[in-house]
Asker: 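Could you have a look at this structure, given as structure tokens, before my questions?
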Amino acid sequence: MQTLTVQLDERSYPIFIGPQLLDQAAELLPELAQRQLLIVTNHTVGDLYLVRLQQQFSAARVLVHYIGDGEQFKSLDSYAAIMSDLIGAGFNRDCAVLALGGGVVGDIAGFVAATYQRGVDFYQIPTTLLAQVDSSVGGKTAVNHPGGKNLIGAFYQPRAVLIDCDVLNSLAPRDFYCGLAEVVKYGIIHDADFFGWLEQQQQALLARDSATLQYAIASSCRIKADIVAADEREQDVRALLNLGHTFGHAIEAANDYNQWRHGEAVAAGTVIASRLAVAMQLLSASDFRRIVALLQALQLPVKAPAMPWETWLQYMQRDKKVKAGKLRFVLPTAIGKSKLLTDCDEELVAAAIADAS
Ligand SMILES: NC(=O)c1ccc[n+]([C@@H]2O[C@H](COP(=O)([O-])OP(=O)(O)OC[C@H]3O[C@@H](n4cnc5c(N)ncnc54)[C@H](O)[C@@H]3O)[C@@H](O)[C@H]2O)c1
Ligand SMILES: [Zn+2]
């Protein structure tokens with residue numbers, strides 16, 4: 001097992017990463033032994049893993065809340081239903097909320113924890129690759145609103161993140177590949193050696209080899225933890241984690257969030273951002289080719305859907321990164337390096353999109 005730390009002074013917390021950690025939860029989180037615990041999960045994940053987690057906390061008072069499986073359940077309705085359960089069960093401020101699931105469960109459970117009685121302890125037990133390498137670390141919690149994704153939420157750090165790499169074996173291939181898009185992202189923005197290692201390990205990654213996955217997850221979490229520690233509230237460097245996301249969010253939103261998965265849209269968005277960087281002479285053609293080749297090898301789409309420029313613009317302008325009406329993009333400047341560009345020529349952006357569609 002590996003333990004990393006997200007350094008945030010008195011709010012610092014550990015990330016435990018290893019095989020079979022679900023069966024070590026009591027040992028790793030001894031502070032939960034006698035508490036009131038709410039486990040938020042869904043039936044897909046709960047049917048597979050809940051019993052093992054519950055066995056760990058036999059002396060605690062455990063309440064389980066199932067939300068529906070899907071992005072549409074990351075809603076204010078689900079949030080209200082969880083709150084009603086907590087209030088109905090008389091849980092006090094000393095209770096803890098545990099998220100057992102992917103990013104949907106983690107985001108909503110985190111927002112519940114952030115706001116129940118003005119904040120109770122929160123624990124992440126992420127079960128998708130995306131949640132293990134991205135959403136469970138860093139304290140962004142949210143629910144969606146009909147007017148947009150993640151519009152209601154809070155920064156609220158967990159007390160610990162427990163990552164059992166073995167649960168990834170039951171993940172559907174498409175969900176698994178989506179997580180790899182975020183893993184590749186860390187290599188591009190921050191770590192050339194890690195990118196090179198990913199290139200070497202394509203087959204082992206796709207075969208979900210346990211040791212390979214653990215290394216990929218730990219490296220990704222290390223990078224995210226360092227960036228979050230440097231800029232918790234996304235004033236500057238944390239924005240780099242959004243490589244490919246401005247384009248990706250537009251793809252997801254324009255397709256009603258049901259045709260493109262987040263990781264797929266991010267992969268296609270990363271190719272657009274890289275093309276734009278080449279056009280602006282910030283990135284070499286050979287680095288561009290390596291980025292496209294790795295994403296492709298990991299079964300991710302490298303072409304965006306054809307959409308009119310007006311559609312792109314409309315959705316990109318809703319991006320939370322838009323400041324003073326200006327589109328801002330994270331662009332790779334080499335493998336392992338990236339920067340936030342605040343003023344991109346719209347024609348170049350449109351051309352990069354056209355080339356990558
Ligand atoms: N908070 C953040 O920083 C952050 C970052 C990135 C994404 N997100 C959010 O994360 C969400 C997407 O997360 P996701 O990709 O994990 O999707 P998800 O939570 O919908 O999970 C994907 C699917 O996998 C299933 N599943 C989960 N674990 C499984 C397992 N071990 N075995 C079998 N099936 C399993 C789920 O039931 C679901 O059907 C989005 O709402 C996005 O906004 C948040
Ligand atoms: Zn993402």
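Counting starts at 1 for both ligands and their atoms, following the listed order. The chain is numbered in sequence order, starting from 1.
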Asker: Please give me the minimum heavy-atom distance between Leu331 and Ala273, naming the atom from each residue.
Answerer: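 For Leu331 versus Ala273, the nearest heavy atoms are CD2-O, 3.4 Å.
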
Asker: Classify the ring geometry between His249 and His245 as parallel (under 30°), tilted (30 to 60°) or perpendicular (over 60°).
Answerer: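 Aromatic pair His249/His245 classed perpendicular.
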
Asker: In the protein, which heavy atom is nearest to atom 39 (O) of ligand 1, and how far is it?
Answerer: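 Result: Asp69 OD1, 2.8 Å.
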
Asker: Would you say the side-chain atoms of Ser170 and Tyr49 include a donor-acceptor pair closer than 3.5 Å?
Answerer: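 Judged by distance alone, the side chains do pair up.
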
Asker: Quick one: look up the protein heavy atom nearest atom 23 (C) of ligand 1 and list residue, atom name and how far away it is.
Answerer: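 For atom 23 (C) of ligand 1, the nearest protein heavy atom comes out as Asp175 OD2, 3.5 Å.
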
Asker: Need the ligand 1 atom indices (1-based, order shown) with element for anything under 4.0 Å from a heavy-atom of Val104.
Answerer: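 Here the atoms of ligand 1 in question are 11 (C), 13 (O), 18 (P), 19 (O), 20 (O), 41 (O).
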
Asker: Hey, are Asp69 and Thr44 close enough side-chain-wise for a donor-acceptor pair under 3.5 Å?
Answerer: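 A pair is found: one side chain offers a donor N or O, the other an acceptor, under 3.5 Å apart.
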
Asker: Please determine which of Arg93, Arg11, Arg35 meets the salt bridge (charged side-chain N to carboxylate O under 4.0 Å, His left out) test together with Asp121.
Answerer: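 Among Arg93, Arg11, Arg35, the one meeting salt bridge (charged side-chain N to carboxylate O under 4.0 Å, His left out) with Asp121 is Arg35.
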
Asker: Taking heavy atoms and a distance under 4.0 Å, where does Asn150 meet ligand 1: side chain, backbone, both or neither?
Answerer: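 Asn150 to ligand 1: side-chain contact only, backbone stays beyond 4.0 Å.
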
Asker: I need the nearest protein heavy-atom contact for atom 9 (C) of ligand 1: residue, atom name and distance, please.
Answerer: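 Protein heavy atom at minimum distance: Asp107 OD2, 3.4 Å.
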
Asker: Might you work through the salt bridge (charged side-chain N to carboxylate O under 4.0 Å, His left out) test for Asp107 and Lys140, ending with a clear yes or no?
Answerer: CA-CA 7 Å; Asp107 277 14; Lys140 282 191 183 177; over 6 Å; no

Asker: Is the shortest N/O to N/O distance between His262 and ligand 1 below 3.5 Å?
Answerer: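 In this structure, His262 places no N or O atom under 3.5 Å from an N or O of ligand 1.
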
Asker: Please tell me whether Val184 and Leu129 are part of a single hydrophobic cluster in this structure, the criterion being side-chain heavy atoms less than 4.5 Å apart.
Answerer: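 The answer is yes; both residues are in one hydrophobic cluster.
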
Asker: Considering only protein heavy atoms, which is closest to atom 28 (N) of ligand 1, and at what distance to one decimal place?
Answerer: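 Scanning the protein heavy atoms, the shortest distance from atom 28 (N) of ligand 1 goes to Thr127 OG1, 2.7 Å.
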
Asker: With heavy atoms under 4.0 Å as the rule, classify the contact between Glu71 and ligand 1 as side chain, backbone, both or neither.
Answerer: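 Answer for Glu71: side chain.
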
Asker: Please list the nearest protein heavy atom to atom 30 (C) of ligand 1 with its residue and the distance rounded to 0.1 Å.
Answerer: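 It is Ser170 OG, 3.5 Å.
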
Asker: Only heavy atoms count here, so choose which of Val133, Thr128, Ile108 is nearest to atom 16 (O) of ligand 1.
Answerer: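 Among Val133, Thr128, Ile108, the closest heavy atom to atom 16 (O) of ligand 1 comes from Thr128.
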
Asker: Could you check whether Arg290 makes a cation-pi contact with Phe195, meaning its NZ or CZ is under 6.0 Å from the centre of the six-membered ring and within 45° of the ring axis?
Answerer: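 No, Arg290 and Phe195 do not form such a contact.
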
Asker: Taking the Zn ion (ligand 2) as the vertex, measure the angle between atom OE2 in Glu182 and atom NE2 in His262; round to 10°.
Answerer: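 About 90° at the Zn ion (ligand 2).
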
Asker: Taking the side chain from Thr141 and the backbone from Ala154, do they hold a donor-acceptor pair closer than 3.5 Å?
Answerer: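 Pair found, side chain donor or acceptor close to backbone of Ala154.
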
Asker: Is ligand 1 under 4.0 Å from a heavy atom in the side chain of Thr44, in the backbone, in both, or in neither?
Answerer: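 Looking at Thr44 and ligand 1, just side chain atoms fall under 4.0 Å.
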
Asker: Between Phe247 and Trp312, how do the two ring planes meet: parallel, tilted or perpendicular, split at 30° and 60°?
Answerer: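 The arrangement is perpendicular - the two ring planes meet at more than 60°.
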
Asker: Mark up the atoms of ligand 1 that fall under 4.0 Å of a heavy atom belonging to Tyr49, in ascending order.
Answerer: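 Here the atoms of ligand 1 in question are 31 (N).
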
Asker: Where is the tightest heavy-atom contact between Pro305 and Asn255, given as atom of each residue plus distance?
Answerer: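 Heavy-atom minimum between the residues: CG-ND2, 3.9 Å.
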
Asker: Under 4.0 angstrom from ligand 1, any heavy atom of Arg261?
Answerer: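 Judged by the 4.0 Å heavy-atom criterion, Arg261 does count as contacting ligand 1.
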
Asker: Going by the atom numbers of ligand 1, which of them fall below 4.0 Å from some non-hydrogen atom of Lys149?
Answerer: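 That gives atoms 40 (C), 42 (C), 43 (O) of ligand 1.
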
Asker: Judging by distance only, is a nitrogen or oxygen of Val167 under 3.5 angstrom from one on ligand 1?
Answerer: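 Between Val167 and ligand 1 (N or O atoms, distance only) the closest approach is under 3.5 Å.
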
Asker: Tell me: protein heavy atom nearest atom 5 (C) of ligand 1, and distance?
Answerer: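 Here the nearest protein heavy atom works out to Ser135 CB, 3.5 Å.
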
Asker: Can you figure out which of Gly103, Gly138, Gly263 has its heavy atom closest to atom 11 (C) of ligand 1?
Answerer: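 Minimum heavy-atom distance to atom 11 (C) of ligand 1 goes to Gly103.
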
Asker: Which residue supplies the protein heavy atom nearest to atom 29 (C) of ligand 1, what is that atom called, and how far is it?
Answerer: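 Ranked first by proximity to atom 29 (C) of ligand 1 is Leu171 CD1, 3.5 Å.
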
Asker: May I ask you to check if ligand 1 and Leu130 share an N or O to N or O distance below 3.5 Å?
Answerer: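 There is no such contact.
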
Asker: Are a donor atom and an acceptor atom from the side chains of Gln24 and Asp164 found within less than 3.5 Å of each other?
Answerer: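 The criterion, which ignores hydrogens and geometry beyond distance, is not satisfied for Asp164 and Gln24.
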
Asker: Thr141 versus ligand 1: do any nitrogen or oxygen atoms come within less than 3.5 Å of each other?
Answerer: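 No, no N or O pair falls under 3.5 Å.
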
Asker: Between Arg222 and Asp191, does at least one N-O distance fall below 4.0 Å, as a salt bridge requires?
Answerer: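 Salt bridge between Arg222 and Asp191, a charged N being under 4.0 Å from a carboxylate O: no.
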
